[in-house]
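We name chains A, B, ... by the order of the sequence lines, and we start the count at 1 in each one. The structure displayed is predicted, hence computed values, not measured ones. Computed from heavy atoms alone, side chains included, the values below leave out hydrogens, waters and symmetry copies.
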Number of protein chains: 4
Amino acid sequence: MDVKSDQSTEQQIIEVAEKLFMEKGFALTSTTEIARKVGCNQALVHYYFRTKEKLFESIFERKAQLMLSAILKMDDPTQPFEERLRKLVENHFDIMVENPQLPFLFLNELLTNPKRLELLTQKFQMLPLTLMERFANDLQNEIDKGRIRNVTPISILLTVLSLNLTPFIIRPIFQKMTNTSDELFNVIIQQRKQENILILMRSLMP
Amino acid sequence: MDVKSDQSTEQQIIEVAEKLFMEKGFALTSTTEIARKVGCNQALVHYYFRTKEKLFESIFERKAQLMLSAILKMDDPTQPFEERLRKLVENHFDIMVENPQLPFLFLNELLTNPKRLELLTQKFQMLPLTLMERFANDLQNEIDKGRIRNVTPISILLTVLSLNLTPFIIRPIFQKMTNTSDELFNVIIQQRKQENILILMRSLMP
Amino acid sequence: MDVKSDQSTEQQIIEVAEKLFMEKGFALTSTTEIARKVGCNQALVHYYFRTKEKLFESIFERKAQLMLSAILKMDDPTQPFEERLRKLVENHFDIMVENPQLPFLFLNELLTNPKRLELLTQKFQMLPLTLMERFANDLQNEIDKGRIRNVTPISILLTVLSLNLTPFIIRPIFQKMTNTSDELFNVIIQQRKQENILILMRSLMP
Amino acid sequence: MDVKSDQSTEQQIIEVAEKLFMEKGFALTSTTEIARKVGCNQALVHYYFRTKEKLFESIFERKAQLMLSAILKMDDPTQPFEERLRKLVENHFDIMVENPQLPFLFLNELLTNPKRLELLTQKFQMLPLTLMERFANDLQNEIDKGRIRNVTPISILLTVLSLNLTPFIIRPIFQKMTNTSDELFNVIIQQRKQENILILMRSLMP
DNA sequence: TATGAATGAGTCTTCATTCAT
DNA sequence: TATGAATGAAGACTCATTCAT
């Protein structure tokens with residue numbers, strides 16, 4: 001039951017906690033369980049992170065950072081708009097293939113704990129607005145040129161989010177109800193990525 | 001804080017419980033809090049429902065029934081396929097307009113509590129298979145006639161689910177981060193319904 | 001689950017309570033369970049008997065009375081001492097054949113609840129002392145005549161109690177461990193009665 | 001009320017629990033009371049033993065082991081049968097002099113809690129059958145030689161149990177009703193041991 | 001760095017009892 | 001006579017947290 005001990009105990013705690021938080025959310029994960037799975041004393045979890053809350057935040061923030069920066073840094077202005085959009089969907093999707101449980105964790109915590117939402121809002125509002133603005137500008141440009149139908153940037157983002165998030169969020173439900181193996185699901189998921197791109201592109205046609 | 005109304009205490013308990021369960025999920029809602037909000041003794045909650053679990057189930061099942069039957073009874077075979085699909089999306093969307101927190105409750109419980117997923121799976125498998133089969137047949141028919149591109153029924157359903165569920169699920173996050181009022185959001189939501197139909201229809205074009 | 005309703009509800013409550021008290025003792029029997037088995041409202045139990053304690057006492061006392069009077073009235077001074085002793089053992093044994101769970105109930109309550117012991121002690125001390133005295137006298141007489149070895153009356157009573165009570169008390173344990181059916185046990189019990197008489201008689205030989 | 005001694009708190013909990021379990025049985029003893037008597041937090045009882053059940057079992061099993069092993073190891077085949085029987089009674093009796101409340105605890109739990117009885121039955125059936133068989137053989141041998149009347153081994157064991165257990169079980173009742181001091185009772189008990197041996201021996205005469 | 005011991009607050013649940021009807 | 005509603009007290013148990021070592 002213990003984790004390999006060639007990592008520092010602190011690191012082990014983080015990893016076990018991350019796994020449990022992702023599986024069951026903050027509230028349903030107990031420090032007792034984390035300690036047990038790590039194979040250390042319960043007090044040690046608090047020694048390193050003082051509170052369960054802080055432990056969670058450190059993990060949550062790292063994940064948020066990871067996802068955000070991954071999305072941010074992938075935009076290449078030299079490419080045509082449509083290509084960039086395609087890449088956006090694709091990369092966003094790929095990140096979640098790597099962290100399939102993350103969407104649920106985010107949703108769960110943000111919806112459940114006002115404090116968490118507050119925090120993210122602050123962080124979000126400190127983002128370079130230019131990014132969003134540039135996206136809006138580029139989009140408007142395409143619309144003006146008649147290459148994309150008239151649609152708000154928010155609407156596009158919501159479409160991307162909807163198409164990309166949902167398969168990962170409902171994955172366990174889907175697998176259980178349709179009796180789908182992990183392997184098969186991974187195949188389906190890859191097809192879904194292309195499907196999502198196609199759906200988005202068609203949705204933007206003039 | 002007390003809710004002194006003309007309803008029976010039992011009804012009050014159900015309503016308060018429903019509200020809390022929807023906001024925070026099963027695990028984070030305590031019978032103590034329900035009782036406090038109702039303004040009664042905690043033991044009374046157990047007097048009526050014996051266990052927190054049973055109280056939840058009675059609410060959960062009623063909601064599941066409501067949603068399921070609403071979806072099932074709205075299909076009209078005399079209409080052309082495309083029209084029926086359009087109605088499906090529209091009705092599904094409308095149900096959630098009425099119960100905006102339900103999607104999160106469902107997700108949360110099904111993902112968090114294996115027992116709940118088990119239960120729903122059983123109930124689902126007792127559904128008239130013909131329904132799904134007929135949908136698949138009709139779809140295949142359209143594909144054969146070249147009116148719809150080659151796509152699996154599951155894929156369509158996933159698209160509908162994705163587009164329809166997500167706005168409701170992320171609503172609090174969205175409102176908080178974009179500082180959107182309830183009124184404005186309700187407007188946006190109504191536009192989104194049409195948007196979703198449009199996206200789906202375009203995605204099916206040959 | 002409900003009891004036949006051709007008796008008064010009060011009587012039904014008494015009977016169900018008696019059964020449950022005998023099986024599980026006072027503490028482990030709840031008025032809720034009594035009411036459920038009777039098929040009536042829980043409050044009704046309290047309507048008739050005010051408290052669970054009083055309900056128990058009324059049953060307990062009746063049983064105690066029954067057992068006591070049965071023992072008391074069976075002594076026939078015209079018979080020889082040995083014959084009376086034999087009858088004592090036999091009758092005492094027979095009473096318990098009729099009420100096999102009574103010994104455990106008595107033991108359990110008297111040992112567990114000081115109040116109960118107090119009560120019985122008082123009742124016991126109001127017994128006609130002559131009875132015990134006469135028994136002691138008669139015994140002394142036999143001893144003097146050399147027909148019985150020198151032994152205290154208490155000692156004899158303890159022997160009778162030991163031999164007669166134990167089979168009934170340990171019955172469930174015995175049956176479970178030796179895998180003995182009810183029928184077989186009833187046969188064994190009847191043999192045991194004779195055995196007990198024999199053991200007692202031999203124990204008194206000069 | 002607190003027991004501030006030089007023992008570890010864990011040991012104190014065990015001892016207080018043992019005392020209370022013996023006096024009132026499992027069901028009537030609360031972890032709250034144990035904690036109060038020890039002078040510690042109630043949660044600590046659960047910290048050491050997780051559940052009330054486990055705490056009880058650890059005590060119960062230790063006592064059962066003690067009693068069983070004491071009985072098992074005392075048989076010396078080089079002695080004549082009668083002598084061994086005498087020793088059996090004597091040793092069995094002496095064990096209970098050391099643990100006078102144990103018989104009640106055993107009875108109470110075995111009769112009240114089916115799980116407990118199940119457990120003991122299993123443990124009992126794993127006992128060396130030879131032991132019982134050898135006893136039966138030796139007995140048969142004596143019977144054949146005309147030194148003991150025809151009697152089953154079970155019957156003998158029941159007699160021993162009856163005679164030996166009862167004084168300890170009814171002790172509090174006896175003392176209360178006859179107003180007997182602890183000192184006097186201890187004297188009586190010692191006489192009773194000899195009495196029991198005598199009764200048993202006489203009961204076996206051809 | 002790590003741990004065992006300890007605690008207070010909180011969880012769900014059961015129970016005997018009361019009261020208005 | 002009978003009931004449904006309601007309550008306070010108590011039960012076992014869990015948890016995050018602290019502290020001395």
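A ring-centre distance under 6.0 Å is not found for A/F49 and A/F56.
Between A/Q42 atom CD and F/dT17 atom C1' there is a gap of 8 Å when expressed in whole angstrom units. Regarding B/K24, its NZ atom lies at a distance of 13 Å from the C1' atom of E/dT11, rounded to whole Å. C/F49 places its CZ atom 15 Å from the P atom of E/dA16, with the value rounded to the nearest Å. Straight-line distance from the CZ atom of D/R36 to the C1' atom of E/dT7: 18 Å, rounded to whole Å. Taking atom CG of A/N41 as the reference point, atom C1' of E/dG4 lies 6 Å away to the nearest angstrom. Residue A/Q12 contributes atom CD, which lies 14 Å from atom P of E/dT1 at whole-angstrom precision. If you take CD of A/E53 and C1' of F/dC15, they are 15 Å apart, rounded to a whole angstrom. For A/L28 and F/dT14, the CG to P distance is 15 Å, given to the nearest whole Å.
At E/dA2, one or more side-chain N or O atoms of A/T9 fall inside 4.0 Å of OP1 or OP2 (strictly under the cut-off). Applying the 4.0 Å criterion to OP1 and OP2 of F/dA12, one finds that D/T32 has a side-chain N or O inside that range. For the pair C/Y47 and F/dA2, the criterion of a side-chain N or O lying under 4.0 Å from OP1 or OP2 is not met.
Where D/L44 and B/A43 meet DNA chain E, the nucleotide closest to each residue was compared, and D/L44 sits on the side nearer the 5' end. Take the nearest nucleotide of DNA chain E for C/T31 and for D/C40: the residue whose nucleotide is more 5' is D/C40.
Ring planes of B/F21 and B/F26: parallel class, angle under 30° (limits at 30 and 60°).
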So B/E23 and B/K19, salt bridge (Lys or Arg N to Asp or Glu O under 4.0 Å) or not? Walk me through it.
CA-CA 6 Å; B/E23 281 170 9; B/K19 184 165 171 295; 3.1 Å; yes

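Surrounding CZ of C/R62 are more than 12 heavy atoms belonging to other residues, nucleotides or ligands, all under 6.0 Å away.
For D/K52, taking side-chain heavy atoms from C-beta onward, the closest of the listed nucleotides E/dT13, F/dA12, F/dT17 is F/dA12. Residue D/S30 has its side chain nearest to F/dG11 when only E/dA16, E/dT3, F/dG11 are considered. For D/H46, counting side-chain heavy atoms from C-beta on, the closest listed nucleotide (E/dT11, F/dA12, F/dA2) is F/dA12.
Using a 4.0 Å heavy-atom criterion, one finds that B/E10 contacts no nucleic acid atom at all. Within the nucleic acid shown, A/Y48 comes within 4.0 Å of sugar-phosphate atoms alone, with no base atom in reach, counting heavy atoms only.
Nucleotide E/dA20 is matched to F/dT3 when pairs are restricted to Watson-Crick or G-U wobble geometry with both distances under 3.5 angstrom.
Of the inter-residue distances, the one linking D/L105 atom CG with D/K63 atom NZ reads 9.0 Å to the nearest 0.5 angstrom.
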